Amino acid sequence: MKLKNKQILSIIMIFGDLFMALVAFALMMEDMPFIGGLMLLFLGVDIYLTIDYIRALKHREKVEQSLLSDNQRLREVNTQWNQLRRRPKERRRTAETEEEDDLSDVLTARQEERNQSMHG
């Protein structure tokens with residue numbers, strides 16, 4: 001169940017407890033003061049625990065939002081790290097290709113020089 005739904009149901013529960021507290025107060029004014037007093041005591045504890053539960057849900061929601069944003073930032077950093085790690089490999093490949101091209105140019109030039117010296 002979503003946290004918001006839990007909070008809404010908890011608030012409805014508090015209103016139910018307040019209504020029951022009115023009934024308990026009426027019992028105290030009538031001929032059952034002990035039962036009314038016990039009901040008020042238990043309902044007071046229940047209201048307190050429900051309010052504490054709502055606070056805990058709000059805190060949990062904040063923590064989850066914080067974790068989601070932290071995870072998103074970590075994904076972005078990981079993506080950037082992976083991109084940075086790939087770049088040197090690409091640069092090395094480019095440099096190796098350029099070296100191979102330079103070597104083949106040198107070899108071709110030497111071969112042409114030999115051919116010219118043999119023919120000329």
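No experiment lies behind these values; they were computed from the predicted model shown.
Shortest non-hydrogen contact noted between A21 and L43 is N-CD1, 3.4 Å. In terms of heavy atoms, T50 sits closest to M13 at OG1-CE, 3.9 Å. Between L27 and G36, the shortest heavy-atom contact is CB-CA, 4.1 Å.
Under a hydrophobic clustering in which Ile, Leu, Val, Met, Phe, Trp and Tyr are joined whenever their side-chain heavy atoms come within less than 4.5 Å, directly or via other members, M39 and L22 fall into different clusters. At a threshold of 4.5 Å between side-chain heavy atoms, the hydrophobic network of Ile, Leu, Val, Met, Phe, Trp and Tyr places I51 and F15 in one connected group. Linking Ile, Leu, Val, Met, Phe, Trp and Tyr residues whenever their side-chain heavy atoms come within less than 4.5 Å leaves L38 and F19 in two separate clusters. Each of L3 and L9 belongs to its own hydrophobic cluster when Ile, Leu, Val, Met, Phe, Trp and Tyr are linked at side-chain heavy-atom distances under 4.5 angstrom. At a threshold of 4.5 Å between side-chain heavy atoms, the hydrophobic network of Ile, Leu, Val, Met, Phe, Trp and Tyr places I47 and I11 in one connected group.
The distance from atom CD1 of I8 to atom CE of M1, rounded to the nearest 0.5 Å, is 10.5 Å. Rounded to the nearest 0.5 angstrom, I14 CD1 and I54 CD1 are separated by 4.0 Å. Put simply, CG on N5 and CG on L57 are 11.0 Å apart, with the number rounded to the nearest 0.5 Å. To the nearest 0.5 Å, the span separating CD on Q80 from CD on Q83 amounts to 7.0 Å. Separating the CZ atom in R85 from the CH2 atom in W81 is a distance of 7.0 Å, to the nearest 0.5 Å. I35 contributes atom CD1, which lies 12.5 Å from atom CG of L40 (distance to the nearest 0.5 angstrom).
Every residue two or more places apart in sequence or in another chain that forms a side-chain hydrogen bond (donor to acceptor under 3.5 Å, both in side chains) with E64 is listed here: R60.
Counted within 6.0 Å of CD on E30, heavy atoms from surrounding residues, nucleotides or ligands total 12 or fewer; the atom is thus considered open. Counting heavy atoms of neighbouring residues, nucleotides and ligands inside a 6.0 Å radius, atom CE of M20 does not exceed 12 of them.
Residues S66 and D70 meet the side-chain proximity criterion, which asks for heavy atoms closer than 4.5 Å. Residues Q7 and Y53 have side chains not in contact (no heavy-atom distance under 4.5 Å, counting atoms from C-beta outward).
Using a 4.0 Å cut-off between a side-chain N of Lys or Arg and a carboxylate O of Asp or Glu, D52 and R55 do not qualify as a salt bridge.
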Please test M28 against M32 for side-chain contact (heavy atoms from CB on, under 4.5 Å), starting from the C-alpha separation and ending with a verdict. CA-CA 6 Å; M28 283 181 63; M32 297 186 214; over 6 Å; no

